[in-house]
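Report on the structure given below.
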Amino acid sequence: MRASFRRMFINLDRVLFKLASAVFLFCAWSGDIHAEEFKKTNCWFEIPRDRGMTCGTLNVPENRKKASGTEITLSVVVFEPDRERHEPIVFLTGGPGQPTDIGDREDIEAWWQFISDQNWMIGRRVVVVDQRGIGKSIPRLSCSRYFKADHWNSISLSVDAEISFDKLMRDEVIACRSALTAKGIDLFAYNTTENAADINDVRKALGISGYSTASLTAQELPWK
């Protein structure tokens with residue numbers, strides 16, 4: 001189990017999706033997944049016994065303001081209930097930039113445990129999306145190779161040390177930005193507006209005919 005997801009069970013209101021977590025409640029599910037939009041795939045993890053799951057990808061425009069035709073790929077996992085009694089929901093991680101932890105069976109079992117522990121989630125399809133640029137979605141905008149842990153973990157004890165840290169941090173960010181743009185990635189397209197449009201495309205691709213949304217802070221989450 002990934003450390004971030006493990007900590008979620010220790011302190012949900014502090015760790016899970018942080019203060020910017022959002023839960024989208026969809027008011028209708030048509031029951032059909034449109035193959036021409038949502039590409040069902042074999043799950044990239046072993047599905048736990050007696051569990052129903054749907055895995056797949058959805059291609060969306062990288063930048064809807066440009067006519068370049070460039071697309072990116074979102075990874076989607078649907079946790080299917082034994083019997084659907086309520087509207088489906090989709091969980092979005094906060095950060096921004098926090099992956100949803102849907103990479104392997106250990107992650108998935110942690111999700112199932114979390115879902116079964118929440119009475120309000122039982123009887124719903126739970127849609128989990130790795131948002132653009134993170135997790136298993138493509139491209140993944142990772143800068144970890146450019147960041148040196150000893151720089152970021154150091155404690156500045158003087159003005160000179162603070163100035164030195166700022167320069168190191170700036171150099172690392174610039175190096176990562178240059179590498180991503182060299183691959184042809186339009187970094188200006190990785191924003192809240194495009195992300196919201198992605199989720200609306202997920203709604204349509206999964207055959208959800210209508211929806212209502214509720215953005216919840218950690219203090220307002222149902223499991224508190």
Side-chain angles (χ1 to χ4, degrees), residues 16-18 20-44 51-66 69-102 107-108 111-112 114-115 118 120-141 186 189-217 220-222:
L16 177 65
F17 308 137
K18 303 192 186 285
S21 294
V23 179
F24 284 74
L25 303 179
F26 295 121
C27 67
W29 176 277
S30 71
D32 297 324
I33 292 179
H34 303 306
E36 69 276 15
E37 297 176 357
F38 181 83
K39 298 177 183 177
K40 295 179 69 173
T41 66
N42 293 328
C43 291
W44 47 88
R51 298 291 192 181
M53 301 194 70
T54 299
C55 299
T57 61
L58 178 67
N59 288 350
V60 296
E62 181 180 46
N63 192 330
R64 292 172 174 83
K65 294 182 178 180
K66 296 182 178 179
T70 302
E71 292 186 331
I72 61 176
T73 303
L74 306 178
S75 290
V76 182
V77 173
V78 182
F79 295 79
E80 308 282 359
D82 291 336
R83 181 169 64 89
E84 186 177 6
R85 301 186 296 276
H86 308 290
E87 300 90 344
I89 61 173
V90 60
F91 267 75
L92 304 179
T93 50
Q98 181 183 356
T100 56
D101 287 345
I102 52 174
D107 290 336
I108 298 305
W111 269 103
W112 277 116
F114 171 64
I115 292 169
Q118 315 305 320
W120 69 281
M121 296 180 71
I122 297 174
R124 301 180 188 270
R125 283 186 168 97
V126 178
V127 182
V128 178
V129 183
D130 260 337
Q131 299 168 62
R132 57 171 53 209
I134 61 175
K136 295 191 67 63
S137 292
I138 302 172
R140 181 170 177 261
L141 308 188
D186 182 0
Y190 294 81
N191 56 56
T192 301
T193 300
E194 291 288 357
N195 198 50
D198 290 346
I199 301 307
N200 191 48
D201 285 347
V202 169
R203 173 188 70 82
K204 293 186 291 185
L206 293 179
I208 300 170
S209 60
Y211 67 98
S212 60
T213 65
S215 180
L216 308 178
T217 67
E220 300 168 326
L221 290 173

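Quick note: residue numbers are just sequence positions, from 1. Just so we're clear, the structure is a prediction, and the values are computed from it rather than from any experiment.
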For the pair Ile122 and Arg85, evaluate side-chain contact (heavy atoms from CB on, under 4.5 Å) and give the outcome as yes or no after the intermediate values. CA-CA 8 Å; Ile122 297 174; Arg85 301 186 296 276; 3.2 Å; yes
With a cut-off of 6.0 Å (strictly less than), are more than 12 heavy atoms of other residues, nucleotides or ligands near CZ of Arg51? yes
Rounded distance (nearest 0.5 Å) linking atom OG1 of Thr193 with atom CG of Asp198: 11.0 Å
Passes side-chain contact (heavy atoms from CB on, under 4.5 Å), Ile89 versus Val126? Steps please. CA-CA 5 Å; Ile89 61 173; Val126 178; 4.1 Å; yes
Hey, mind stepping through Ile134 and Tyr190 against side-chain contact (heavy atoms from CB on, under 4.5 Å) and telling me if it holds? CA-CA 10 Å; Ile134 61 175; Tyr190 294 81; over 6 Å; no
List for me each residue that meets salt bridge (Lys or Arg N to Asp or Glu O under 4.0 Å) alongside Glu62, sequence neighbours excluded, and say none if there are none. none
Under a 4.0 Å threshold between the charged nitrogen and the carboxylate oxygen, would Arg125 count as salt-bridged to Glu80? yes
Counting N and O atoms only, with roles assigned by atom type, does the side chain of Glu37 sit under 3.5 Å from a partner on the main chain of Leu58, one being a donor and the other an acceptor? no
When you measure from the side chain of Thr93 to the backbone of Thr100, do you find a donor-acceptor pair of N or O atoms at a distance under 3.5 Å? no
Would Ile108 and Met53 count as a side-chain contact (heavy atoms from CB on, under 4.5 Å) here? Give the steps. CA-CA 10 Å; Ile108 298 305; Met53 301 194 70; 3.6 Å; yes
Quick one: CZ on Arg132 to CG on Leu141, what's the gap to the nearest 0.5 Å? 9.5 Å
Residues which pass side chain to side chain donor-acceptor pair (under 3.5 Å) with Asn63, listed by chain and number, not counting sequence neighbours: Asp186
If you round to the nearest 0.5 Å, how far is CD1 of Ile138 from OG1 of Thr57? 8.0 Å
To the nearest 0.5 Å, what is the distance between OG1 on Thr192 and CD on Gln131? 9.0 Å
List the residues meeting ring pair (Phe, Tyr, Trp, His ring centres under 6.0 Å) with Trp112, not counting sequence neighbours, and say none if there are none. Phe79
Indicate yes or no: at least one non-hydrogen side-chain atom of His86 is less than 4.5 angstrom from one of Trp120. no
Begin with the C-alpha distance, continue with both residues' side-chain angles, and end with the deciding distance and a verdict on salt bridge (charged side-chain N to carboxylate O under 4.0 Å, His left out) for Lys136 and Asp107. CA-CA 13 Å; Lys136 295 191 67 63; Asp107 290 336; over 6 Å; no
